[in-house]
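Accompanying notes for the structure given below.
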Amino acid sequence: MLPTRSTHSSSSARKGGARTAGSPRPPSARRRREILHAYLFLLPGFALFALTILYPIVRAFQISLFHWAIVPGTASTFLGLQNYAHALHDPIFWRALANSGFYMAITVPSQIVLGLLAAVMLDARMPARAIFRTLYYLPVVTSWVVVSLVFRYLFITEGGLVNWILHDTLHLVPTNINWLGARWSAMVALGILGTWKGVGWSMVVFLAALQGVPKALHEAAAVDGARAWDRFVAVSLPAIRPVVAFVTVLLVIGGFNVFISVYLMTGGGPVDQTQVLLSYMYRQAFSFLDFGYGSAISFLLTLIVFVISLAQMRLFRRPAGAS
Amino acid sequence: MRNRRPFIWLALAALLAGLATAQANTTVTFWTAYSSDGPEVKQLETVIIPAFEKAHPDITVKHVAIPYNDLHQKLVTAVAGGQLPDLVRSDIIWVPELANLGVLAPLDTSMSDFKSLADSVFPGPLATNYWKGHYYGLPLDTNTRIWVYDPATLTKLGMSGPPKTFDELKSMAAAAKAKGVYLYAEGGTGGWNILPWIWSGGGSLTNDTYTKASGYLDGPKSVAAVQMLVDLYKADEMPNIIVNPNGGLGTYDGIFQGKYASTLDGPWMFAIFGGAHPDTKLEGSLIPAGPGGSISVVGGEDIVMTQQSKNKAAAEAFLRFLLSDEAQRAMAQAGQMPVLKSADSWLPSIHDYYATYLKQIATARPRTPTPKWPQIDQVLNTEIAKAFQGSETVQQALTNAAHQIDALLQ
Amino acid sequence: MVVGDRNQRRALMALRLILLTAGVVVMLLPFAYMVSTSFKPNAMVLEIPVKFFPQHPTVANYVTAWTSNRFARYFLNSVVVAIGTTLAALLLSSMMAYAFARFRFPGRSILFGLILIALMVPTMMMLIPQFLLARDLHLLNSLWGLVAFYTGGNLGFNTFLLHSFFQDIPSELEEAMVVDGAGPWTRYWRLILPLARPALATAAIFTFLGAWDEFTWALTIINDPSKYTLPIAIALFQGQHSTSWGLVFAASVIAIAPVLVIFAIFQRQFVAGIAAGAVKA
């Protein structure tokens, strides 16, 4: 997903083209044929891509400038940037943004630390390594709908497993916690789900990166008498730094994209306390039919995601991708 | 609107239309929120629809049950997409909104026998179909909330019967709390949940012409009624599901487990409970009376036909059948109160709990009939919850709510 | 000293195993609890104390889900949509990737750049305009609408993934075919695709899973229960008054079983796919 190779990729094509120069046709005709073929290969896929992805992206901005009339026969009113102004004065929008931030504050560091920890522990010859890796990855491949319903069930106040463990078994809390009934505890529950579901992914990416660290570096450090922890800090960590950056960017973007778990676990409630940007957008569009305002919210989200990804890439310098 | 469909679509549509007419069998699609965890869906799909299809062999009824919490959103999305079904069993509070969007067929002009059908039903439920000069539907069922309790739990608490007044409610809730039971559980802070208390307390949501909430919703009697509930909640004499309908122990499960003694609910609760927990016998009584009496909230569903329905004649036939004595009796078995005037005579003989409902509904009031009701309800939900969570006083919360509702009523 | 070293290493390994096992318990607990609940009769579902092994286990929930709640139908819909999406997305994206990897043509870097930029745009941002588009194309409430938009949504990432793989295929092989007179279609079909089988497998798995699990788009455009896919059927499968958790989880187990089977079989491709540049979540 990172544009590292695209810039210098035309060399092979050029080479391939040059070799066919043995044919008697003049270069211009051959070029034309090549271009024609290229477009033919591109056409069906790119047409669908343009129709279902590019056009909607542009259209989203257009809609966000209108009070968009949904019912046939009524006219849309041009509002300019009024939907955006509305968002900036809408306390629920800001709350949703804060909730998204809080969600990331839980899920991003925890997935990095726990994923790295698991990867480091698995980066050695040890029994049942493949089994561990598989089991950690299991939540990643499981549907968001299913895990959201499971976690809603786990966090039920009376009779839920989490409270049963915390209250009835370990007596860590004096009363059952009303997890999904208050803003912050609900956001914590959502964050726990996000971490649980995602940690296997960051672990696999980190593990692949760690295995790419040249053994010679480790051995050299070992000869110098460095302990395992020092070796990790001095050798492994710098080597996988670009991957850590890359994972961070994707986790932040993923954090902004959280929707299904919120929709199914709290529905944005109680009373809009746990709305995140996307759940609030969905509600505005598909419960209140305010497509213009919904589009404005999602466009703002896209801008934020763009700015953050660019800033992070700048900050961590050119991330080499995990390849 | 925009007809840029390529030729191939036209050809395909023509082909499909040809196929459809060749079959000669019309399908009427009917969306409801009948619950599949109770007998409602079963009664509709195994009794009513087969009976109708037998009488009308050329019509097939396709019933789609959507959970109540999702139905409004599904309807709105379907409006946007032009995907509405032929008939909808709509909550009475959504009819003005849908009518205002222009997606409903005005039955008073499109149905030739509308007048005789309208005359056969109670005027109160019929009025919920009226919007700006037309009737956009007919009532299908009506209901209200009464005090529903498990007498076995009350006996365990040493109580002889349900509370009859606000004062009894307060003292009994404290006594029940001492024994680890919640006397009264409520599953939200919306109009459906809170208005019975405001009205029974002598307060109101708006003036009589539904144009203003300030001075009514935040008047002293309304505030006192909500304050009573907030006091109960703060003393831990009401469970947290009032601010947390998602994560807490639901009223049904709580009453079954003996952790809650009572709630307010409609007649379907008896039907669903009877199916799920046949050993628990629930009973009903009037809502505890306050300074304003015992005033509950009118609920119910209307049946509406959409403008885009291509099978209006068939849809009308099914609509007519749903209002027949036969169909209304069948749904009454499943806890759906009929709307036929003639039902008064036979209803209590179907289930004895209906007697209390009939008594309660005589004085029950409707929620504000306006297309903005979903937004108003959202305001009530949000603001009153703040009072329960303690971030605002009841007076602050209701004043804020009243201001927002004023704007919505403009 | 050597002995001490070995003991230390053993202790370290034991610690590792203990920590990793603790992690596995946390990972598996929700699954175990879900499966256990799916075998419980409804009245026992929220019992305290919690029981992991139901006292009166029953398969009634599975029977109900599969028979009276038409989950067989939803399962079939999901299969059709996921396979249709996978085939279409693989064909179209591999063609695009081939064009980008092996041809020079005007607009090449602009088009490729558009694909990369679109990858950064949150999918949900397009939901509203996609909904309006699907309405105008008469694709609402149809499985075709799912396949078309799922395919479109998968093209960007797959093209990117396959493009980098295609570039690593030595061009000498293709040049040999050119000498034999093979045109670009033959080279694409006979040479590139067979050689790219591992990358295609990775792309196929992720596309299939994405389509199998997709929720939001299906929730938004599908109304007719006969066209439900498994995720919406499960999410909309909650009672109005109380949720039959046993039934919900029986349906969930039915929905995730094929995913787990695929995962178990194709683990290698999963790991390869993630390592090859990570997957858009």
Side-chain angles (χ1 to χ4, degrees), chain A residues 1 3 5-6 9-10 12-13 15-16 19-20 34-35 37-38 41-42 44-45 48-49 52-53 56-57 59-60 63 118 121 132 134-136 139 141-143 145-146 149-150 153-154 159 161 164 204-205 208 250 254 257 259-260 264 278 285 291 294-295 298 301-302 305 309 321-323, chain C residues 16 19-20 23-24 27 30 33-34 46 48 50 92-93 95-96 98-99 102-105 112 114 116 118-122 124-126 128-130 133 149 151-152 155 160 164 167 171 174-175 178 184 209 213 215 231 234-235 245 248 252 255-256 259 263 267 271 274-278 281:
Chain A
M1 116 166 265
R5 343 188 45 151
S6 57
S9 56
S10 50
S12 56
K15 212 190 289 170
R19 286 294 169 90
T20 47
E34 190 187 328
I35 291 170
H37 277 300
F41 272 106
L42 273 181
L48 184 67
F49 179 74
T52 58
I53 305 291
I57 292 176
R59 190 91 191 281
I63 293 171
M121 287 197 290
F132 278 122
T134 309
L135 294 179
Y136 277 89
V141 295
T142 310
S143 124
V145 170
V146 169
L149 291 173
V150 170
Y153 179 64
L154 294 179
L161 183 65
W164 181 73
V204 169
V205 177
L250 284 199
N257 275 308
F259 169 70
I260 296 174
L264 291 177
L278 287 179
F291 276 34
S295 292
S298 56
L301 168 80
T302 309
V305 166
S309 336
S323 51
Chain C
R16 264 175 203 225
L19 282 177
L20 286 169
V24 164
M27 287 302 174
Y33 199 45
M34 171 179 87
L46 281 171
I48 292 284
V50 164
L92 297 180
S93 59
M95 283 168 63
M96 283 162 81
Y98 183 61
R102 284 293 198 258
F103 290 92
R104 260 189 333 134
F105 51 88
F112 199 71
L114 281 175
L116 291 177
L119 275 180
M120 284 171 68
V121 176
M124 286 270 303
M125 181 260 200
M126 302 166 226
I128 291 169
Q130 283 178 333
L133 178 67
F149 284 84
T151 304
L155 286 178
F160 174 73
S164 34
Q167 281 190 326
S171 49
E174 252 185 284
E175 284 149 21
V178 172
L209 283 190
D213 289 341
F215 172 66
I234 292 169
W245 287 107
V248 168
S252 299
I256 61 176
V259 172
F263 175 55
Q267 261 199 72
V271 174
I274 302 154

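Numbers restart at 1 for each chain; the letters A, B, ... are given by sequence-line order, proteins then strands.
- When all heavy atoms of C:Ala118 and A:Ile53 are compared, the pair lying nearest together is CB-CG2, 3.9 Å.
- Note: C:Pro129 leads C:Pro129, C:Ser252, C:Ala99 in heavy-atom pairs under 4.5 Å with chain A.
- If you measure heavy-atom distances from A:Phe259 to chain C, the contacts under 4.5 Å come from the side chain alone.
- Of the two parts of C:Ile256, only the side chain, counted from C-beta on, holds a non-hydrogen atom closer than 4.5 Å to a non-hydrogen atom of chain A.
- Proximity to chain C (any heavy atom under 4.5 Å) is restricted, for A:Ile63, to the side chain, taken from C-beta onward.
- In this structure, the separation between CE on C:Met34 and CG on A:Leu161 is 13.5 Å, given to the nearest 0.5 Å.
- Of all non-hydrogen atoms in A:Ser295 and A:Ala60, the two that sit nearest each other are CB-O, 3.5 Å.
- Atom CZ of A:Phe41 is separated from atom CZ of C:Arg102 by 11.5 Å, given to the nearest 0.5 angstrom.
- Contacts between C:Val24 and chain A at a heavy-atom distance below 4.5 Å involve backbone atoms as well as side-chain atoms.
- Applying the ring pair (Phe, Tyr, Trp, His ring centres under 6.0 Å) criterion to A:Tyr136, with sequence neighbours excluded, gives no partner residue.
- Here the closest heavy-atom approach between residue C:Phe103 and residue A:Glu34 is recorded as CD2-CG, 3.3 Å.
- For the set C:Leu209, C:Ile128, C:Leu92, the count of heavy-atom pairs under 4.5 angstrom toward chain A peaks at C:Ile128.
- Atoms CG and CE, from A:Asn257 and C:Met124 in turn, are 8.5 Å apart once rounded to the nearest 0.5 Å.
- Using a 4.5 Å cut-off between heavy atoms, C:Gln130 touches chain A through backbone and side chain atoms alike.
- The most heavy-atom pairs under 4.5 Å with chain C, out of A:Leu154, A:Leu42, A:Leu301, come from A:Leu42.
- Put simply, of A:Pro139, A:Ala285, A:Ala118, the one with the most heavy-atom pairs under 4.5 Å next to chain C is A:Pro139.
- Among all heavy-atom pairs drawn from A:Leu48 and C:Thr151, the shortest one is CD2-CG2, 3.7 Å.
- Each of C:Ser93, C:Ala255, C:Pro231 has some count of heavy-atom pairs under 4.5 Å with chain A, and the biggest count is that of C:Pro231.
- In this structure, the portions of C:Leu114 lying under 4.5 Å from any heavy atom of chain A include both its backbone and its side chain.
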